[in-house]
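Working notes for the structure below.
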Amino acid sequence: MLSTHIPDLAALELLLGVAREGSLNSVARKAGVSQQAVSARIRAMEAQTGVTLVHRTPRGSSLTVEGVMVAEWAARLLEVAAEMDAGITALRAGQRARLRVSASSTISELLLPGWLASFRAETPQGRHAPEIVLTYANSAMVITHVTEGIADIGFTEGPHEPAGLHGRTVGHDRLTVVVAPGHPWACARPVSAAELAGTPLVSRESGSGTRDTFAAALTAVLGPGAPQAPAALSLSTTAAIRSAALAGAAPAVISELAVADDLASGRLVAVQTPELDLRRTLRAVWDGATAPPSGAARDLIAHILTRRHQQRRSGPAH
């Protein structure tokens, strides 16, 4: 461990300035401070080192023999510090140029492509759009990716804000139960929470925001510990659930965003589930400070929030 006699880099730069200029006043002028401030900093450095470094005369200032030795060491130290500064700048530029994103299925399939396209399109001229590396995962895995530093930011769609992470709401969504037109539930009658819980459904795998949101909605009505039938199919993507629903495999739990066209055309029918609150919040999440990570991550989240605000002003949108 270094002793307390080592001056800081800014003080050493002033000492080298005295060696070059031969005048405290000239050093102060170039540093943008008063001569009194430079003189006080030199005295403080001399007190810290225990060595007289500068010889002051009415005609100017010069380094003592000891000051010359310290200045030589300082020059080498400042050269290494400048290399380190340049290296850190390059690392920061690399982080800004590359963004690792982990996103749950609904967001990655239905929302992020549009967000990323407009984000790149709005990159100011003269700046390169960051390279974005996108990983598809369920919400539980997204949280793991962010917590372990595999992803810079994540997007989740679970019923609760992830513990230990900071986040920002970037949208809202609603789940719906859908069936093929020939299914008995395609009639206008409502289906109860108990009937839903007792029916094998097509849904996402365990750990997904879709599955967790639906299970939480059933629990809110039926109470903790109420039995729920095993899934008819557990699938890892929203697209796969949609395909299974279109094939008539079983009733399916899916985002309204994913089947809006199918519902409009009649290829699928939305089941009435008046007892269940199937709304959910879409979140951007990150680890560390309260604010999003600086650089491309913060820029992307700001862009998404701006789009959301513009959509609210122009009309209803998710």
Side-chain angles (χ1 to χ4, degrees), residues 100-113 115 133-178 193 196-245 249-259 273 276-288 297 301 318:
R100 301 168 301 165
V101 178
S102 182
S104 54
S105 180
T106 299
I107 296 175
S108 61
E109 292 179 25
L110 303 174
L111 296 173
L112 261 177
W115 291 343
V133 180
L134 176 60
T135 301
Y136 295 70
N138 63 37
S139 289
M141 189 57 66
V142 169
I143 294 168
T144 299
H145 287 170
V146 174
T147 301
E148 295 183 353
I150 298 171
D152 301 307
I153 55 172
F155 292 91
T156 66
E157 53 201 41
H160 307 294
E161 186 170 345
L165 297 179
H166 296 287
R168 194 75 52 83
T169 297
V170 294
H172 297 280
D173 184 26
R174 187 180 185 280
L175 298 180
T176 185
V177 179
V178 297
L196 286 165
T199 303
L201 306 173
V202 178
S203 184
R204 289 286 308 282
E205 79 283 8
S206 179
S208 74
T210 295
R211 187 152 179 166
D212 290 349
T213 298
F214 189 73
L218 287 176
T219 298
V221 176
L222 302 176
Q228 296 181 25
L233 288 173
S234 293
L235 302 173
S236 60
T237 68
T238 300
I241 294 175
R242 175 179 174 271
S243 296
V253 181
I254 194 168
S255 164
E256 282 186 342
L257 294 173
V259 292
T273 58
L276 301 186
D277 182 0
L278 296 176
R279 295 171 297 177
R280 60 181 179 172
T281 300
L282 310 180
R283 298 181 180 88
V285 296
W286 60 88
D287 198 10
I301 293 173
H318 288 282

Determine the minimum heavy-atom distance between [X] and [Y], stating which atoms define it.
X      : Y      : answer
Asp277 : Ala217 : O-CB, 3.6 Å
Val202 : Ala249 : CG2-CB, 4.3 Å
Ser104 : Glu157 : OG-OE1, 2.8 Å
Ser236 : Glu205 : CA-OE1, 3.4 Å
Gly288 : His166 : O-CD2, 2.9 Å
Leu175 : Phe214 : CD1-N, 4.0 Å

Spacing of [X] atom [atom1] and [Y] atom [atom2] [to the nearest 0.5 Å]:
X      : Y      : atom1 : atom2 : answer
Thr238 : Leu110 : OG1   : CG    : 6.0 Å
Arg100 : Asp152 : CZ    : CG    : 4.0 Å
Asp173 : Leu278 : CG    : CG    : 10.0 Å
Ser206 : Asp212 : OG    : CG    : 6.5 Å

Among [options], which one satisfies side-chain contact (heavy atoms from CB on, under 4.5 Å) with [X]?
X      : options                : value
Leu196 : Leu276, Leu222, Val253 : Leu276
Ser139 : Thr213, Thr106, Thr156 : Thr156
Thr237 : Ser105, Ser108, Ser208 : Ser105

Would you say the side chain of [Y] lies within less than 4.5 Å of the side chain of [X], judging by non-hydrogen atoms?
X      : Y      : answer
Val101 : Thr135 : no
Glu161 : Arg283 : yes
Gln228 : Thr219 : yes
Ile153 : Val146 : no

Side chain Arg204, main chain Ile241, donor-acceptor under 3.5 Å = no
Using modelled atom types only, decide if a donor and an acceptor are shared between the side chain of Ser255 and the backbone of Leu257 within a distance under 3.5 Å.
-> yes
Side chains of [X] and [Y]: is there a donor and an acceptor less than 3.5 Å apart?
X      : Y      : answer
Arg280 : Thr210 : yes
Thr144 : Glu148 : no
Thr281 : Thr169 : no

Stepwise side chain to side chain contact (heavy atoms under 4.5 Å, CB included) test for Phe155 and Leu111 = CA-CA 10 Å; Phe155 292 91; Leu111 296 173; over 6 Å; no
